[in-house]
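Inspection log for the structure reproduced underneath, given as structure tokens.
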Amino acid sequence: MKLNIKYIFTAAVLALSMTGCSDEWVDTKPNGEPTTAFFWKSEDDVNKAVAAMYVPMSYESTWGRNLFWMQNASDDVVTGRVRAESDNIKNFNITGRESSIAGCWTDLYFMMNKANQVIAGIPASSGVSEEVKNRALGEAYFIRAFSHFWIAYSWGHKDQGVPFDGPESAEYGTRIPPQLPSVMDNYAQIVSDLQKAADLLPLFSAYGSADQGRAHKAAAWGYLVKTYAYMAQYDATKWALIPDLCDKIKTEGGRALITGQGSAKENYQAVFTVANNWGPEYIWSVNSGIQGGSIFPGVSLENKGWGIFNGWGYFQPTEELYDAYEATDPRREVTILKFGDKFTYFGVERSYYSTNSLSGFQIRKYMEPYSYGSDENPGTNLMINQNGDGPSTRLNLPLMRYAEILLFKAEALIQQGKNTEAAAPLNEIRARVGLAPIQNPTMATLKHERRVELACEWTDRLADLKRWGDYDQINAPLHGRIHTNKTDPASAYEVKVIWPARNFSASKLAWPINPDEVSRSNGAYKQTPGW
């Protein structure tokens, strides 16, 4: 039986009601015990349990918005509108109790728990084909690894890991999930889960339209690449594992850059269109629609949307990011709106201005859904949720795409001293947007290319700066364009400091755990080093 992933929300509500689980991170404990007596009896039961794993993908607390508050602490974006809690996160002036960071932890563990329930329940299921069982297990191992990865790199430290437990342990369900000694132990578990997932999952090409959005082999391989890259900051031997895996994503996984669109700019712009939600560059994203999905496109839209739609006005690019692009790089115009730039909004061409933007810029990448319809009748735009309080769109939010795989391959080769070989993957990315090739790339080249290719995406610029040790860039003051008339697209501006220098140090490489979680553990958990 196929489960249409586009309607997982309804199915998941049923699954949640049947399992009786609460939305608490410590719900990693329930391992399927309440459900084994009556739940795992049919293929429909399995599909409902699998669907429940995906639901947290679209929570505001996760990839809807809040996980980006931690990425907002990089040098590429600023908060935008005044929001004290988020400003404190950007300034590393927090306790961990802040809802915008504590809620991420809670719901990522909730997601992991849903995967654990499937891993525990599948062996006991009856009336289910081996094909369905294997795919469900593959999806569960992927979702457990995926949620675990975000927890590990966000809160895990080399000298102290994050809690993890699973039904493979004889003590599972009888103890508080143990805090692992090092984040490297968490990464090792993630690697193990991703390898199992890749063995069990089909290729994306095997899915029909009803199953698009399910985990697949290339997604498991992609996050395996990323996990190895994050491990490599502590163990350089992991770089050697990456290039062949990247090639497999291309040759076996069928992933490739989007090209052939008529111009260099159109090649890049096509990546961020509804038509290419499932295009060749897709590896993993938040499946979105007008009734649910990531609200990030609306969150990063002009506050109140020039009186036509309720944008939220957060996450605005900095002058530093704008200046990082080469003058002829078309990716800059696709990524960033500046005063005077032309764009189509509800069917009408406009010139950009902002009464809201702290920096004078706006993220442009996710604006395609707002180009449709009529400004006189916004309800004619069928690409967006008409409820501006939940501004999801039909554009899936990309979390990993093939360009990032090419960048990891190049980085791995450079880190191994194979700079000449690294030119091929880097130049494949540059050729797509009409830029001249680089013959002997260095880490500086890689850092530049990774920044401008993936700017304002969920690939985490802050984590890059941390793993590279580029703390000076985190701490540097950030600039924006202060226009004399914020309602005039042609108004003059001055470049000024919009965010003062900060005081990040290597002692705070990971985010603080909510102290209440530490207290509730009765001494089992320790706070993140440095906090």
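Bear in mind the structure is a predicted one, so any value in this text is a computation, not a measurement.
- At distances below 3.5 Å, at least one donor-acceptor pair connects side-chain atoms of Lys217 with backbone N or O atoms of Ala198.
- Residues Leu201 and Glu139 are in side-chain contact: their nearest non-hydrogen atoms beyond the backbone lie under 4.5 Å apart.
- Glu404 contributes no side-chain N or O that, together with a main-chain N or O of Arg401, makes up a donor-acceptor pair within less than 3.5 Å.
- In terms of modelled atom types and a separation under 3.5 Å, the side chain of Lys365 and the main chain of Ala455 share a donor-acceptor contact.
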Under the side-chain contact (heavy atoms from CB on, under 4.5 Å) rule, what do Tyr109 and Asn116 come out as? Steps first, then yes or no, please.
CA-CA 10 Å; Tyr109 272 109; Asn116 272 333; over 6 Å; no

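- With hydrogens and angles disregarded, a donor-acceptor distance shorter than 3.5 Å links the side chain of Lys90 to the backbone of Ser74.
- Side chains of Thr79 and Asp87: a donor-acceptor N/O pair is present below 3.5 angstrom, by distance only.
- Of all heavy-atom pairs between Leu137 and Ile119, the closest is CD2-CA, 3.9 Å.
- Counted by atom type alone, Tyr282 and Asn396 present zero donor-acceptor pairs between their side chains at under 3.5 Å.
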Can Leu446 and Trp468 be said to form a side-chain contact (heavy atoms from CB on, under 4.5 Å), step by step?
CA-CA 11 Å; Leu446 181 282; Trp468 293 330; 4.0 Å; yes

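- For the atom pair CD1 (Ile143) and CE (Met112), the distance works out to 11.0 Å, reported to the nearest 0.5 Å.
- Considering all non-hydrogen atoms of both residues, Pro178 and Tyr525 come closest at C-CE2, 4.3 Å.
- For Val299, the side-chain contact (heavy atoms from CB on, under 4.5 Å) partners at least two apart in sequence or on another chain are Arg65, Ile295, Trp312, Tyr314, Phe315.
- Panel note: side chain Asn385, backbone Gly390; a donor-acceptor pair is recorded below 3.5 Å.
- By the 4.5 Å heavy-atom criterion applied to side chains, Pro280 and Tyr402 are not counted as neighbours.
- A donor-acceptor distance shorter than 3.5 angstrom exists from the side chain of Ser521 to the backbone of Val518, with no hydrogens or angles considered.
- For the pair Asp235 (side chain) and Met231 (backbone), a donor-acceptor distance under 3.5 Å is absent.
- Under the 4.0 Å criterion applied to side-chain N and carboxylate O atoms, Asp244 and Lys248 are not assigned as salt-bridge partners.
- Counting only heavy atoms from C-beta outward, the side chains of Met400 and Thr459 never approach each other to under 4.5 Å.
- In this structure, Val77 and Cys456 approach most closely via the heavy-atom pair CG1-SG, 4.1 Å.
- Although no hydrogens or angles enter the test, the distance criterion places no donor-acceptor pair under 3.5 Å between the side chain of Asn186 and the main chain of Gly161.
- One side chain, Glu85 or Ser100, offers a donor N or O that lies under 3.5 Å from an acceptor on the other.
- Between Trp63 and the options Trp284, Tyr54, Phe68, Phe146, a ring-ring contact (aromatic ring centres under 6.0 Å, His included) holds for only Phe146.
- A donor-acceptor contact shorter than 3.5 Å links the side chain of Glu98 to the backbone of Gly96.
- In this structure, the ring of Tyr187 has its center no less than 6.0 angstrom from the ring center of Tyr234.
- For Asp247, the CG atom counts as densely surrounded, since its 6.0 Å shell holds more than 12 non-hydrogen atoms of other residues, nucleotides or ligands.
- Using a 4.5 Å heavy-atom cutoff, the side chains of Met53 and Gln117 are not in contact.
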Criterion side-chain contact (heavy atoms from CB on, under 4.5 Å) on Lys409 and Ile249, from CA distance to verdict:
CA-CA 11 Å; Lys409 180 180 179 181; Ile249 291 169; over 6 Å; no

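- Annotation: side chain of Lys238 is not in contact with side chain of Gln415 (no heavy-atom distance under 4.5 Å).
- Atom-to-atom distance recorded for Leu257:CG and Glu281:CD is 5.0 Å, nearest 0.5 angstrom.
- Both tests pass for Arg450 against the ring of Phe408: distance under 6.0 Å to the centre and angle within 45° of the axis.
- Salt bridge Arg467/Asp460: absent, no basic N to carboxylate O contact under 4.0 Å.
- No donor-acceptor pair under 3.5 Å is formed between the side chain of Ser507 and the backbone N or O of Gly530.
- The structure places CG of Leu462 at 5.0 Å from CZ of Phe92, a figure rounded to the nearest 0.5 Å.
- If you take CD on Glu411 and CD on Glu449, they are separated by 13.0 Å, rounding to the nearest 0.5 Å.
- The minimum heavy-atom distance linking Ser99 with Asn66 is given by the pair O-ND2, 4.5 Å.
- Residues Val183 and Ala152 share a closest heavy-atom pair of CG2-O, 3.4 Å.
- If you take NZ on Lys250 and CG on Leu406, they are separated by 7.5 Å, rounding to the nearest 0.5 Å.
- Using a 30° and 60° split on the angle between ring planes, Trp150 and Trp458 fall in the tilted class, from 30° to 60°.
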Decide side-chain contact (heavy atoms from CB on, under 4.5 Å) for Phe504 and Lys508; before the verdict, give the C-alpha distance in whole Å, the side-chain angles of both, and the deciding distance to 0.1 Å.
CA-CA 7 Å; Phe504 174 83; Lys508 294 185 176 182; 4.3 Å; yes

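- Annotation: side chain of Ile429 is in contact with side chain of Leu407 (closest heavy-atom distance under 4.5 Å).
- Residues Asn514 and Ala102 come closest through the heavy atom pair ND2-CB, 3.7 Å.
- Using a 3.5 Å distance cut-off with no hydrogens or angles, the side chains of Gln195 and Asp199 do not pair a donor with an acceptor.
- Once rounded to the nearest 0.5 Å, the distance linking OG1 of Thr528 with NE2 of His157 reads 8.5 Å.
- Residues Leu67 and Tyr59 are not in side-chain contact: their nearest non-hydrogen atoms beyond the backbone lie 4.5 Å or more apart.
- No side-chain heavy atom of Asn277 sits less than 4.5 Å from a side-chain heavy atom of Ser285.
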